[in-house]
Amino acid sequence: MIKKSIAFVLIALALSFIGVNCKKSRTDATFTNEVKTTDKATEADILIKNGLLYYGTSNEPSIKDNAIKANIIVFIGTAHEKNVTAQKTIDAKGFIITPGFIDPHTHCESTLNASNSITRANLSYLRQGVTTILTGNDGYGTINTQQQLSKWQNEGTGTNAGLFVGFGEVRKEVLGSDNVQPSVIQ
């Protein structure tokens, strides 16, 4: 019975991971060797040129230009070949460009739930290159994941966020706070 319960909890925890992209306006892009140029790419806000780009895949890094429009990467490739321009150009020669990092173990629920939008921006993570955080670790966190993710989506956060459902919160929901053994039904 204990093995069955442990297996159920592990499966429930695995299935309970829910992610959300908390930016209010965002489109998904598939990154291959080059992101397709669109009309947006020809009038980007920022063009980062000549950086050594690590895609985050098994591809070898290469020198590429990156165009960003409305906080979305709209072009990766050789800008002058595709006529990509921008309001601001940054020469990243000698620097490395990477995708945003993922921090799979954070405790920043209070930061993302803050009433102040500057606090919710989660700048301490963003300044380190972390663009996606996972929270609800170590048995803590909400079991009302949809409600929490909707709140973050509506209010906006600086980082993308995902939630784990903490085993402690599940136990509390089923058994309360008393030190009791679960019944067979529980």
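Starting from 1, each residue takes its place in the sequence as its number.
- F101 and L52 fall into different hydrophobic clusters, where Ile, Leu, Val, Met, Phe, Trp and Tyr side chains are chained together by heavy-atom contacts under 4.5 Å.
- Counting only distance, with no hydrogens or angles, the side chain of E169 and the backbone of G166 share no donor-acceptor pair below 3.5 Å.
- S150 and Q146 form a side-chain donor-acceptor contact under 3.5 Å, judged by distance and modelled atom types alone.
- A heavy-atom distance below 4.5 Å is found between the side chains of V170 and V165.
- Looking at every heavy atom in both residues, P104 comes nearest to N137 through O-OD1, 3.5 Å.
- The CG atom of L53 lies 12.5 Å from the CD atom of E60; values are rounded to the nearest 0.5 Å.
- Put simply, the side chain of N116 gets close to the backbone of I118: a donor and an acceptor are under 3.5 Å apart.
- Residue Y54 is grouped with residue I63 when hydrophobic side chains (ILVMFWY) are merged at heavy-atom distances under 4.5 angstrom, including chains of intermediate members.
- Annotation: the span from W152 atom CH2 to L112 atom CG amounts to 5.0 Å, rounded to 0.5 Å.
- A donor and an acceptor atom, one from each side chain of E155 and N113, are nowhere located under 3.5 Å apart.
- In this structure, the side chain of Q128 engages the main chain of S124 through a donor-acceptor pair within 3.5 Å.
- In plain terms, the two heavy atoms of F167 and D138 that are nearest each other are CE2-C, 4.0 Å.
- With respect to I68, the side-chain contact (heavy atoms from CB on, under 4.5 Å) criterion is satisfied by exactly one of D45, I48, I90, L47: I48.
- Minimum interatomic distance between P182 and L175 (heavy atoms only, all atoms of both residues): CA-CD2, 3.9 Å.
- The two residues R171 and V180 have their closest heavy-atom pair at NH2-O, 2.8 Å.
- With respect to N66, the side-chain contact (heavy atoms from CB on, under 4.5 Å) criterion is satisfied by exactly one of V84, I46, V74, I97: I97.
- Of the possible polar contacts, none joining the E43 side chain to the T85 backbone as a donor-acceptor pair under 3.5 Å is found.
- R120 contributes no side-chain N or O that, together with a main-chain N or O of T111, makes up a donor-acceptor pair within less than 3.5 Å.
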Before giving the answer on side chain to side chain contact (heavy atoms under 4.5 Å, CB included), spell out for Y125 and T106 the whole-Å C-alpha distance, their side-chain angles and the decisive distance to 0.1 Å. CA-CA 10 Å; Y125 286 89; T106 71; 3.5 Å; yes
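- For the residue pair H80 / D65, no side-chain donor-acceptor distance below 3.5 Å is found, with atom types taken as modelled.
- When side chains are defined from C-beta on, T135 does not count as touching F164, because their heavy atoms never get closer than 4.5 Å.
- Atom NZ of K151 sits about 10.5 Å away from atom OG1 of T157, to the nearest 0.5 Å.
- Taken to the nearest 0.5 Å, the CD1 atom of I102 stands 7.0 Å off from the OG1 atom of T131.
- Counting only N and O atoms by type, the side chains of T142 and Q148 include no donor and acceptor under 3.5 Å apart.
- Atom-to-atom distance recorded for F75:CZ and K69:NZ is 15.5 Å, nearest 0.5 angstrom.
- Formation of a donor-acceptor pair under 3.5 Å by the D103 side chain with backbone atoms of H105 is found in this model.
- Listed here is the closest heavy atom pair of K172 and S177: CG-OG, 4.0 Å.
- Note that the NZ atom of K64 and the CD1 atom of I76 stand 9.0 Å from one another [nearest 0.5 Å].
- Counting heavy atoms from C-beta outward, I96 and T98 have side chains that approach closer than 4.5 Å.
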